[in-house]
Amino acid sequence: QVQLVESGGGLVQPGGSLRLSCAASGTISSIYAMGWYRQAPGKQRELVAAMISGGITNYADSVKGRFTISTDNAKNTVYLQMNSLKPEDTAVYYCNADLEAFTGRQYYWGQGTQVTVSS
């Protein structure tokens with residue numbers, strides 16, 4: 001069974017940095033894309049950043065220049081380096097993966113990790 005386990009959330013002051021990690025485990029044969037979404041209270045879940053197999057990246061306009069997504073293919077892990085954090089970045093951050101396991105190809109979600117930006 002495939003699982004995505006996130007870590008790295010927490011409380012940080014405005015202007016600070018955090019690094020999120022998400023490791024995919026299980027019987028995985030291929031990973032096509034991994035990314036991060038976030039959901040703030042009262043708002044819809046939105047894409048933050050994604051990386052497609054081959055290294056193509058996509059960022060939300062609101063985080064361009066501040067956040068960087070990267071992957072470690074050997075560890076089936078995706079990272080999100082978040083710099084110059086703002087209060088509006090406060091949300092639950094979810095890892096997402098488009099991958100193929102023994103059950104076939106499908107999307108998986110992590111459990112979410114809280115990021116709070118506040119002084």
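S62 OG to E46 CD: the interatomic distance, rounded to the nearest 0.5 Å, is 5.5 Å. Atom OG1 in T57 sits 6.0 Å away from atom CE in M51 (nearest 0.5 Å). Expressed to the nearest 0.5 Å, how far CD of Q44 lies from OH of Y37 amounts to 12.5 Å. Interatomic distance, L18 CG to L85 CG, rounded to the nearest 0.5 Å: 5.5 Å. In this structure, OG in S29 is found 10.5 Å from CZ in R105, a value given to the nearest 0.5 Å. Here K43 contributes atom NZ and E88 contributes atom CD; the two are 8.5 Å apart, rounded to the nearest 0.5 Å.
Using a 4.5 Å cut-off on side-chain heavy atoms (C-beta onward), T68 and Y59 make contact. Residues Q114 and T90 are in side-chain contact: their nearest non-hydrogen atoms beyond the backbone lie under 4.5 Å apart. Taking 4.5 Å as the limit, every side-chain heavy atom of Y93 sits out of range of all side-chain heavy atoms of E6. For the pair Q111 and Y94, the minimum side-chain heavy-atom distance is 4.5 Å or more. Between L80 and F67, some side-chain heavy-atom pair lies under the 4.5 Å cut-off.
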| message | Test side-chain contact (heavy atoms from CB on, under 4.5 Å) on Y108 and N96; report intermediate values, then the result. | response | CA-CA 6 Å; Y108 292 86; N96 172 269; over 6 Å; no
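Within the structure, no pair that satisfies the salt bridge (charged side-chain N to carboxylate O under 4.0 Å, His left out) test touches residues 8-23, not counting sequence neighbours.
For the side chain to side chain contact (heavy atoms under 4.5 Å, CB included) test with R38, the passing option among V115, V63, L47 is V63; the others fail.
One hydrophobic cluster, built from ILVMFWY side chains closer than 4.5 Å, cannot hold both V92 and W36; they sit in different ones. Y79 and V12 sit in two unconnected hydrophobic clusters of ILVMFWY residues. Membership requires side-chain heavy atoms under 4.5 Å apart, directly or through other members.
Listed for the Q13 side chain is no donor-acceptor partner under 3.5 Å among the backbone atoms of S119.
Looking only at atom types and distance, the side chain of T77 has no donor-acceptor partner in the side chain of D72 under 3.5 Å away.
Under a 4.0 Å N-O distance rule, the pair K86/D89 does not qualify as a salt bridge.
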